[in-house]
Q: 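This is the structure I want to talk about, given as C-alpha cells.
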Amino acid sequence: MDTVYEDAELDRQIARLATALLSRLDELAETMAEWIQGEVTAYVDSELVPYADLREDCRAQLRSILPTLCGPEAADISYARHSGRQRAALGVPLAKVMEAYRVGGRFIWEALVAEAQNTRLLGSEALVRAASRIWLILDDFTDAMAGAYRDAVAERIVAQEHERSALVAALLEARITEHETLWEAAEILRISHRGPFVVVAAEVPEVGRRAFPDMEVRLRSVGMSSAWRLLADLQVGIVVLPESGRMDQLVAALTVHAEHRVGVSPRYSRLDGTREALRFAKFAILGTAAGTKVTLFDSSPLAVTAASTPEVMARIVNSTLGPLDTTPAADREVLLDTLEAWRDCGGSTERAAKQLFVHPNTVRQRLRRIAELTGCTLTAPRDVARLCLALEAVRQQAL
C-alpha cells in the first residue's frame, strides 16, 4: 500500500512539472526549434523545412509528449507519423530527420530537468521515474516517425516504378512519338533522350518472374542506364549505350545472368524506334543457336532471318535442300555437316577438312554431290546465299 501511495505521489509530482512546461509551450517550441537549427546542419531550408514549419513541429511534439508524463497512457504518435510522411514527401534525408529528433529529445529532457530545478516540483526519485518514462516516449515517437517515413518512401518507389513500367510499355507500343513527350519520358525513365539505344528481350523463367531482377542496377554500375518492363513471356529493357564499345560489356553482363534465351536489337538513335527494335530483339531470340544465351540481331542475320519467317523458310528448305532427302538419312546429315563446316570456314575446303577430320578431297567430293543434287553452284553468290539460308533454317528446326 505504501508503494502504491509513493508511486501515485511521484506521478503527481511529474504531472505538476508537465503542466508547468505546457504553460510555456510556445516559448519551449521556439527554443527547441533554435536548438535543432543550430545543431543539425542544413536541416532548416526555405524550400524543404522552413523555420516556421520546424517551430510548429516542435510545438506539436511537445503537445503530444508532455501530457503523457502525467499518467500511464501511451503517447499520441499520430503527429510523428504525419511528420515522417511529410519529410519523406519533401525529400529530406531520413538521417537528418532522425538527428533533428535526437536533438529535440535531448532538449525536452534538459527542459524538464531545468524546470524541476527551478521550481523544485520534482524530487530525485520522481526525476528518475520521469527520465525512464520520457525516453520511452521519445523512442516511440521517433520510431513512429521513421516507420512512416520509410513507408512513404516505399510507396513512392512503387508508384514511380509503375509509372516507369507504363512508360516503357508506351514506347514498346509506339504510343509516344512526339519529340517533347519522348524527352519527358526519358527524364522519368532516368535514361538519356539521345541514343544509341538497344532493346533487350529476355525469356522469363515463368510468368510473373523476371529474367534479370537486378539488371538495371548492374548496368548502372558500369555506366549504362536502362529501363525495364515485365511482360507475360519476356522481360524487356531499353538500354542506353553511351559508347560504341559498350555492346560487348552489355552482352557480357547479360550472358552471366541469363537463364534462358536473350535477344538484342540493332542500335537505334531515337526512342520512337523502340517498337521496331523490340521486333528485332524478338527475332534475335528465335535465331538463338544451341548453347548460346545471348544473340545480337546484327551478328546473326542468317539465323535471325531463318527463325523469323518459318513459313517462307519451309518453302526455301524444301525447294533448295529437298533433293537431299533422296539420300539415306545418315548420308544427308554428312552432306549438311560438310556444307555447314565449309560455310563456317569461309568457303575454305582445307579448313573445313581439318574441322571435319577428313581429307580435303573428301570435302570437295561431298560439295560436288550437294551441287549435283540441289542444282546450286558453289561459286555463284546467289546459289551460295540460298544454300546457307536453307541450311540455317534446317538447323533452327532441329533445335
Side-chain angles (χ1 to χ4, degrees), residues 2-40 43-44 49-88 92 94 96-152:
D2 290 343
T3 301
V4 173
Y5 175 80
E6 289 174 0
D7 288 345
E9 176 57 29
L10 293 176
D11 285 341
R12 280 193 291 270
Q13 292 178 29
I14 296 171
R16 286 196 296 270
L17 182 63
T19 301
L21 289 172
L22 282 168
S23 68
R24 299 166 49 212
L25 186 61
D26 291 337
E27 171 197 338
L28 292 173
E30 184 76 39
T31 308
M32 183 174 169
E34 290 173 355
W35 270 44
I36 294 172
Q37 182 183 35
E39 295 194 29
V40 184
Y43 183 68
V44 177
V49 185
Y51 181 81
D53 289 357
L54 174 60
R55 184 177 58 225
E56 181 54 35
D57 278 355
C58 293
R59 191 175 191 281
Q61 288 184 46
L62 290 165
R63 194 171 56 241
S64 298
I65 292 171
L66 291 177
T68 313
L69 293 173
C70 300
E73 295 82 6
D76 179 5
I77 58 176
S78 58
Y79 188 83
R81 293 196 183 99
H82 169 75
S83 175
R85 299 189 70 87
Q86 185 184 53
R87 293 290 181 263
V92 183
L94 180 58
K96 288 288 184 184
V97 186
M98 294 287 285
E99 189 178 355
Y101 267 63
R102 283 193 292 270
V103 173
R106 193 174 74 250
F107 169 81
I108 293 172
W109 167 244
E110 293 194 14
L112 186 146
V113 173
E115 186 72 14
Q117 291 174 342
N118 292 335
T119 61
R120 301 185 182 278
L121 290 174
L122 236 63
S124 58
E125 291 185 26
L127 189 59
V128 171
R129 188 180 183 88
S132 175
R133 188 174 294 172
I134 198 168
W135 288 115
L136 288 174
I137 295 169
L138 288 169
D139 281 346
D140 290 344
F141 213 75
T142 303
D143 288 347
M145 179 280 298
Y149 183 105
R150 295 188 181 98
D151 288 345

Q: Could you measure the distance from the OH atom of Y43 to the CD1 atom of I36? Nearest 0.5 Å is fine.
A: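 Answer for the OH-CD1 pair, Y43 versus I36, is 6.5 Å.
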Q: Taking all heavy atoms of V44 and all of P50, pick out the closest pair and write down the distance.
A: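 Nearest heavy atoms, V44 then P50: CG1-C, 4.3 Å.
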Q: State, with a plain yes or no, whether a side-chain heavy atom of M98 is found less than 4.5 Å away from one of Y149.
A: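 A side-chain contact is absent here, since even the closest heavy-atom pair is not under 4.5 Å.
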Q: Quick one: does any side-chain atom of N118 pair with a main-chain N or O of A114 as donor and acceptor, under 3.5 Å?
A: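 Yes.
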Q: W35 vs R106, test: side-chain contact (heavy atoms from CB on, under 4.5 Å). Steps then yes/no.
A: CA-CA 10 Å; W35 270 44; R106 193 174 74 250; 4.1 Å; yes
Q: To the nearest 0.5 Å, what is the distance between CG on D26 and OG1 on T31?
A: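 Here the interatomic distance stands at 10.5 Å.
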Q: Is there a donor-acceptor contact under 3.5 Å from the side chain of S83 to the main chain of Y79?
A: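 A pair under 3.5 Å: no.
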Q: For L22 and R63, work out which heavy atoms get closest and say how close.
A: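 Looking at all heavy atoms of both residues, the shortest contact is CD2-CA, 4.5 Å.
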Q: Enter the distance from L25:CG to L66:CG here, rounded to the nearest 0.5 Å.
A: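 With rounding to 0.5 Å, CG (L25) is 7.5 Å from CG (L66).
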Q: Please find the pair of heavy atoms, one from L54 and one from Q37, that lie closest to each other, and give the distance.
A: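 For L54 and Q37, the tightest heavy-atom pair comes out as CD2-N, 4.4 Å.
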Q: Grab the two heavy atoms, one from E115 and one from A20, that are nearest each other, plus how far apart they are.
A: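 In this case the closest contact between E115 and A20 is OE2-CB, 3.6 Å.
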Q: Report yes if the side chains of M32 and R59 come closer than 4.5 Å at any heavy-atom pair, otherwise no.
A: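 A side-chain contact under 4.5 Å is absent here.
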Q: Quick one: are M145 and Y101 in side-chain contact, heavy atoms under 4.5 Å?
A: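 With C-beta onward as the side chain, the pair touches.
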Q: Do W109 and L138 touch side chain to side chain, with heavy atoms closer than 4.5 Å?
A: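 A side-chain contact under 4.5 Å is absent here.
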Q: Run the side-chain contact (heavy atoms from CB on, under 4.5 Å) check on R102 and T142 step by step: do they pass?
A: CA-CA 8 Å; R102 283 193 292 270; T142 303; over 6 Å; no
Q: Looking at every non-hydrogen atom in both residues, tell me the closest pair between A111 and L28 and how far apart they are.
A: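 Taking A111 first and L28 second, the nearest heavy atoms are CB-CD2, 4.3 Å.
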Q: Quick one: does Q61's side chain get under 4.5 Å of F107's, heavy atoms only?
A: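 Side-chain contact under 4.5 Å: no.
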Q: Within the 4.5 Å heavy-atom criterion, are V92 and Q86 side-chain neighbours or not?
A: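 Counting from C-beta outward, V92 and Q86 never come under 4.5 Å.
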Q: Specify the closest pair of heavy atoms between A29 and C58, including all atoms of both residues, with the distance to one decimal.
A: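 Reported closest heavy-atom pair: O-CB, 3.7 Å.
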Q: Rounded to the nearest 0.5 Å, what separation is found between the CD1 atom of I108 and the CG atom of L112?
A: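 These two atoms lie 9.5 Å from each other.
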